[in-house]
There are 2 protein chains.
Amino acid sequence: MQPSRTPSPSLPRVGGARAKLLDAAHATVRRKGFTATSVDELCAAAGVTKGAFFHHFASKEALGVAAAEHWTARAAPLFEDPPYTKLDDPLDRYLGHIDLRASMLEGQAEDFTCFVGTVVQEAFATSEPIRAACDASISKYCETLAIDIQQAIDKYGTKHVVTALGLAEHTQTVLQGAFVMAKAKGDPQIARESVAHLKRYVLMLFGRDS
Amino acid sequence: MQPSRTPSPSLPRVGGARAKLLDAAHATVRRKGFTATSVDELCAAAGVTKGAFFHHFASKEALGVAAAEHWTARAAPLFEDPPYTKLDDPLDRYLGHIDLRASMLEGQAEDFTCFVGTVVQEAFATSEPIRAACDASISKYCETLAIDIQQAIDKYGTKHVVTALGLAEHTQTVLQGAFVMAKAKGDPQIARESVAHLKRYVLMLFGRDS
DNA sequence: TGACACATACCGACTGGTTGGTATGTTTAA
DNA sequence: TTAAACATACCAACCAGTCGGTATGTGTCA
């Protein structure tokens with residue numbers, strides 16, 4: 001591979017309408033849903049024109065797929081930046097992650113809820129590309145989380161037989177459910193309580209309670 | 001008993017377009033989402049005309065509210081009909097309910113998922129009447145479930161301090177999350193596994209495990 | 001008994017606005 | 001010069017909602 005003189009040939013040279021549209025999609029779709037968000041509205045929120053939209057995305061569906069993939073990238077810092085990721089004990093890292101997710105459940109639902117979770121609810125039966133992209137994003141999250149959980153199982157064992165991936169997926173399930181409940185109530189308190197139940201389950205499972 | 005020509009003065013005299021529209025809404029909206037379901041489509045699915053639709057509902061939003069209320073009524077048999085509801089032990093009744101919900105997670109997601117959970121994700125920020133109606137439906141479910149849980153707590157106590165309503169809400173949270181995950185995966189297996197985790201949590205909490 | 005007034009249930013063509021998408025031009029940077 | 005990155009104007013299809021009308025049942029009173 002030859003070193004290129006241009007900073008990045010694939011990156012936008014003018015304004016970066018693509019990135020602005022993806023960010024606008026994350027914000028607007030989480031508030032109004034995918035179908036209820038029009039292309040015009042998205043363009044207005046991103047400060048670009050329709051021409052720019054269809055230059056970067058073949059269709060609204062293609063934007064949905066790209067936004068789901070972008071969501072995965074946006075979630076990556078969650079596993080890298082927080083201080084608890086440097087802890088020696090894998091169970092502490094897993095519990096630290098649960099605490100972090102609980103602490104994020106504050107303010108307006110549209111700000112802390114999951115883009116792919118929202119979109120897949122609407123599109124799972126009508127757009128296979130979008131469903132697959134959302135599935136990939138969620139699966140990636142679960143697989144990453146399962147690494148620490150597996151190490152915790154190896155180190156401590158569990159009171160009942162569970163798999164690391166299964167427990168990671170259950171963690172994600174509780175979070176997705178918590179988002180739905182917070183939206184219904186108009187208050188994230190109920191979501192925090194469910195995550196507290198989840199943490200209690202993990203503590204009991206690993207025998208760290210009482 | 002004399003066969004009356006007119007069944008009931010308060011009941012629809014001709015076709016019953018209202019009931020057919022509500023049933024069609026439950027089916028179609030769970031598959032495509034609320035916004036993506038057009039009024040024309042709903043009328044076609046129900047076999048009625050647009051005139052009938054707007055005779056019974058002031059707006060599409062009003063249908064959403066009515067359908068959420070109808071969903072509550074549809075869920076009532078869940079707490080009355082199953083054989084386990086006749087068990088003496090309240091914890092057995094609660095566990096029986098969890099088993100029932102797990103057994104329902106089969107086939108296509110659009111057939112076992114929750115109407116109000118789907119709708120509230122889309123409408124929580126854009127329609128307060130719909131949000132409130134969905135909240136009422138979910139709250140009713142939790143309050144009903146909490147009755148058995150409270151009796152179980154009174155009878156057995158729990159290893160950690162929890163409230164009956166809080167545990168009922170967590171049960172609902174796991175189910176809502178399980179629906180999202182099943183939609184993403186295109187397979188209800190992952191949903192059943194999360195409900196299994198929930199049941200294990202309840203068993204550990206009440207000291208019924210090992 | 002019957003006739004008239006009224007209410008409810010339903011029909012379907014129509015409308016003004018919005019939708020996703022296209023066709024074609026202009027600017028920008030290498 | 002060239003190609004990508006935008007912008008502008010436009011379109012056919014579709015959308016929620018309206019409206020004048022029909023069919024049918026119900027209450028009232030002579």
Side-chain angles (χ1 to χ4, degrees), chain A residues 2-25 28-29 31-67 119 122-123 126-127 129-130, chain B residues 2-25 28-29 31-67 119 122-123 126-127 129-130:
Chain A
Q2 214 172 350
S4 63
R5 215 157 304 169
T6 54
S8 172
S10 62
L11 254 67
R13 285 173 294 181
V14 183
R18 192 187 140 91
K20 280 192 275 182
L21 281 165
L22 290 175
D23 286 343
T28 313
V29 170
R31 216 186 82 83
K32 307 187 53 179
F34 184 74
T35 311
T37 302
S38 72
V39 173
D40 282 308
E41 203 173 351
L42 231 38
C43 292
V48 305
T49 61
K50 229 168 170 178
F53 183 101
F54 285 101
H55 173 72
H56 288 286
F57 306 104
S59 62
K60 192 189 175 189
E61 182 183 48
L63 166 103
V65 170
V119 170
E122 275 184 81
T126 48
S127 170
I130 290 182
Chain B
Q2 212 175 356
S4 63
R5 218 157 300 172
T6 54
S8 167
S10 63
L11 255 67
R13 286 170 291 184
V14 183
R18 193 189 140 93
K20 280 192 275 183
L21 281 165
L22 290 176
D23 286 342
T28 311
V29 170
R31 215 186 81 81
K32 307 187 52 178
F34 184 73
T35 310
T37 301
S38 72
V39 172
D40 282 306
E41 204 173 352
L42 230 38
C43 292
V48 305
T49 61
K50 222 163 177 179
F53 184 101
F54 285 102
H55 171 71
H56 290 286
F57 307 104
S59 62
K60 193 189 173 188
E61 181 183 49
L63 166 102
V65 171
V119 170
E122 276 184 82
T126 48
S127 170
I130 290 183

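We name chains A, B, ... by the order of the sequence lines, and we start the count at 1 in each one. In this text the structure is predicted, and so the values were computed from the model without any measurement.
- Taking the side chain of A:Ser38 as heavy atoms from C-beta on, and the options D:dC15, C:dG20, C:dA9, the nearest nucleotide is C:dG20.
- Atom CG of A:Leu42 is separated from atom C1' of C:dT18 by 16 Å (rounded to the nearest Å).
- Here the side chains of B:Val39 and B:Phe57 are not in contact, with every heavy-atom distance at 4.5 Å or above.
- Salt bridge A:Glu122/B:Lys32: absent, no basic N to carboxylate O contact under 4.0 Å.
- Distance, A:Phe53 CZ to C:dG20 C1': 9 Å, rounded to whole Å.
- Distances shown here put every side-chain N or O of B:His56 at or beyond 4.0 Å from the OP1 or OP2 atom of C:dA9.
- Which of D:dG17, C:dC11, D:dA7 sits closest to the side chain of B:Phe54 comes down to D:dG17.
- In this structure, B:Thr35 reaches neither bases nor backbone, as no heavy-atom distance under 4.0 Å exists between it and the strands shown.
- One atom, CZ of B:Phe57, and another, P of C:dC10, lie 11 Å apart when rounded to the nearest Å.
- Both A:Glu41 and A:Gly51 lie close to DNA chain C; mapped to their nearest nucleotides by heavy-atom distance, the more 5′-ward contact belongs to A:Glu41.
- Between the side chain of A:Lys60 and the backbone N or O of A:Phe34, at least one donor-acceptor pair lies under 3.5 Å.
- For the OP1/OP2 pair of D:dC6 and a distance below 4.0 Å, the side-chain nitrogens and oxygens of A:His55 include no atom meeting the criterion.
- One atom, NZ of B:Lys20, and another, P of C:dA9, lie 14 Å apart when rounded to the nearest Å.
- For D:dA7, the base has no donor-acceptor partner in the side chain of A:Lys50 [N/O atoms by modelled type, under 3.5 angstrom].
- Counting any heavy atom pair closer than 4.0 Å across all strands shown, A:Lys60 reaches sugar-phosphate atoms only and no base atom.
- Judged by distance alone, with hydrogens and angles left aside, the side-chain atoms of B:Ser127 form no donor-acceptor pair with the main-chain N or O of B:Ala123 at under 3.5 Å.
- With C:dG20, C:dG12, D:dA16 as the candidates, the nucleotide lying closest to the side chain of A:Val39 is C:dG20.
- No side-chain heavy atom of A:Asp40 sits less than 4.5 Å from a side-chain heavy atom of A:Phe53.
- Rounded to a whole Å, the CG atom of A:Asp40 is 18 Å from the P atom of D:dC14.
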